[in-house]
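Worksheet: one structure, shown below.
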Amino acid sequence: MIAQARMPLNFSLVIDHTDTMKGAKLESVKEAIKMIIDRLEPTDYISLVIFSDTAQIIIPAMHANDKRRMKNAIEKISVANLASRTMSLGMIQGLSELRRWNIPNAVNRMILSTIGVTYGDADLCRQLARDAREAGISIYPLGIGQDWDESLLDTIGELSDGMPAEFIRNPADAISVFEQKLQSAVAVEVRNATLTLHLPALVSPRKAVKVLPFVRDIDQSAVSDRQVVIPLGDLEKDTPQSVLVELMLDPRPPGLVRIALAELTYDVPIANIVGERLRSDVTVTFTTDANHAAQVNVEVMNIAENVNRITHWQASVQD
């Protein structure tokens, strides 16, 4: 059951209905959408957009309190008699519906489900993802079938502060994947989280990488001479977030040295908490003992190696 004490959800489902979605693919997605409708509270909002080379609003953004009529509208969705798709048109309509109402403290999310590539508008899709992030909307792309553009969908998810694309390998998996996205939104407890590292003299930042819940480079604009500002966005219950920050330190005399002041700011709307702050010193020990210096934090080193491997692979794929 969905917890009662939670923030309202504002969902837009943007669904590919080109002819490559015919059969079990479209039917399974329709069942997954009906499942989401059944799980929403009457105070939540939902909208549904379908797209091929055009886009159509099937359910305009509204309270989820007329579920029978919504599910009847979903039943009438059929595949378009063409294979071409312009994904940006669906995204534009979905974003418009998410912005239709001013919903205080809403968790605003788009589920973007498609079976293949978009034609001629990939750059616009990326820009729409950036626009979504600025509007506080996260996009969660889902790829269905074998021919979807993983790189583009990953980028859309990451640029919007959503998630990389998830692959629905079998149509029967659609319900469980959609349910996971719903539960992810329900689990949001903390909003507008930002981690700031305030750096003293002789400490220089080089790079910041988000490690959990997935590996992603943080824009270099977050890094300046005296601080690193890392937007964390929404935080979900029982889903930790971690970042890896690379710092350059000048030599120091032996002893314990503070290399940063870490400050976490966040809101908890359901508890009427705004601008809460937590601070903690980040310290390292300088030593002249070679044996002591050779000791490493195995967990951190494993994370660093995994990050380097993934970022090198991502760079090779883009090339």
Side-chain angles (χ1 to χ4, degrees), residues 1-15 28-29 31-49 61 64 91 94-95 97-98 103-114 129 132-133 135-144 148 150 153-170 172-195 210-216 218 230-243 266-271:
M1 294 296 293
I2 295 176
Q4 297 298 312
R6 63 165 174 81
M7 285 171 279
L9 306 184
N10 182 23
F11 261 40
S12 184
L13 308 174
V14 179
I15 307 300
S28 64
V29 168
E31 290 303 312
I33 296 170
K34 289 189 285 186
M35 176 275 301
I36 284 184
I37 289 172
D38 282 334
R39 298 287 300 275
L40 293 177
E41 298 291 335
T43 51
D44 294 324
Y45 286 76
I46 188 168
S47 56
L48 173 61
V49 175
M91 293 176 66
L95 292 174
E97 293 305 306
L98 285 165
I103 311 168
N105 300 321
V107 179
N108 302 299
R109 296 197 173 179
M110 177 193 296
I111 296 180
L112 174 63
S113 177
T114 181
R133 180 189 61 206
I137 297 168
S138 299
I139 301 176
Y140 287 68
L142 304 177
I144 304 176
W148 55 287
E150 181 177 2
L153 291 185
D154 279 346
T155 300
I156 288 171
E158 292 169 5
L159 288 175
S160 69
D161 281 341
M163 293 285 283
E166 186 164 351
F167 180 31
I168 300 178
R169 186 176 302 275
N170 300 307
D173 296 334
I175 288 180
S176 63
V177 172
F178 274 66
E179 184 173 20
Q180 290 167 11
K181 301 312 173 190
L182 175 62
Q183 291 301 329
S184 169
V186 168
V188 172
E189 292 188 340
V190 174
R191 310 298 303 273
N192 305 318
T194 300
L195 176 64
K210 199 169 186 178
V211 176
L212 290 176
F214 56 90
V215 175
R216 179 176 68 191
I218 294 171
I230 304 170
L232 301 177
D234 292 343
L235 303 185
E236 301 172 15
K237 181 180 179 181
D238 300 326
T239 303
Q241 293 207 24
S242 297
V243 296
Y266 60 92
D267 304 332
V268 187
I270 59 176

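Nothing here was measured: the structure is a model prediction, and the numbers come from that model. What's counted below: heavy atoms across the whole structure, side chains too, no hydrogens, waters or symmetry copies.
At least one side-chain heavy atom of Val29 sits less than 4.5 Å from a side-chain heavy atom of Phe178. With contacts defined as side-chain heavy-atom distances shorter than 4.5 Å, the pair Tyr45/Ile103 qualifies. Counting heavy atoms from C-beta outward, Arg109 and Val188 have side chains that approach closer than 4.5 Å. Lys181 is listed as a side-chain neighbour of Leu142, based on a closest heavy-atom distance under 4.5 Å.
Atom CG of Leu153 sits about 6.5 Å away from atom CG of Leu112, to the nearest 0.5 Å. Here the CG atom belonging to Asn170 is positioned 11.5 Å from the CD1 atom belonging to Ile144, to the nearest 0.5 angstrom. The structure places CD1 of Ile175 at 11.0 Å from CD1 of Ile33, a figure rounded to the nearest 0.5 Å. Interatomic distance, Leu13 CG to Leu48 CG, rounded to the nearest 0.5 Å: 6.0 Å. For the atom pair CG (Leu232) and OG1 (Thr194), the distance works out to 6.5 Å, reported to the nearest 0.5 Å. In this structure, the separation between CD1 on Ile139 and CG on Asn108 is 11.5 Å, given to the nearest 0.5 Å.
Of all the heavy atoms in Glu158 and Pro164, the pair that sits closest is OE2-CG, 3.7 Å. Considering every non-hydrogen atom in both Met163 and Pro141, the closest pair reads O-CD, 3.3 Å. The nearest pair of heavy atoms linking Phe11 to Leu182 is CZ-CA, 4.0 Å. Contact between Met91 and Ala129 at its shortest, heavy atoms only, is CE-N, 4.2 Å. Nearest heavy atoms, Asp234 versus Asn192: OD1-N, 4.3 Å. Across every non-hydrogen atom of Ser47 and Ser12, the tightest pair is OG-OG, 3.1 Å.
Contacts of Ala172 classified as side-chain contact (heavy atoms from CB on, under 4.5 Å), with partners at least two apart in sequence or in another chain: none. Listed by chain and number, the residues in a salt bridge (Lys or Arg N to Asp or Glu O under 4.0 Å) with Asp267 amount to none (sequence neighbours excluded). The side-chain contact (heavy atoms from CB on, under 4.5 Å) test applied to Ser176 returns Asp173, not counting sequence neighbours.
The residues Asp44 and Arg6 are annotated as salt-bridged, a charged nitrogen and a carboxylate oxygen being separated by less than 4.0 angstrom.
Judged by distance alone, with hydrogens and angles left aside, the side-chain atoms of Ser184 form no donor-acceptor pair with the main-chain N or O of Gln180 at under 3.5 Å. Between the side chain of Asp161 and the backbone N or O of Ser138 there is no donor-acceptor pair closer than 3.5 Å. Between the side chain of Arg191 and the backbone N or O of Ala106, at least one donor-acceptor pair lies under 3.5 Å.
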Run the side chain to side chain contact (heavy atoms under 4.5 Å, CB included) check on Ile36 and Ile111 step by step: do they pass? CA-CA 11 Å; Ile36 284 184; Ile111 296 180; 4.1 Å; yes
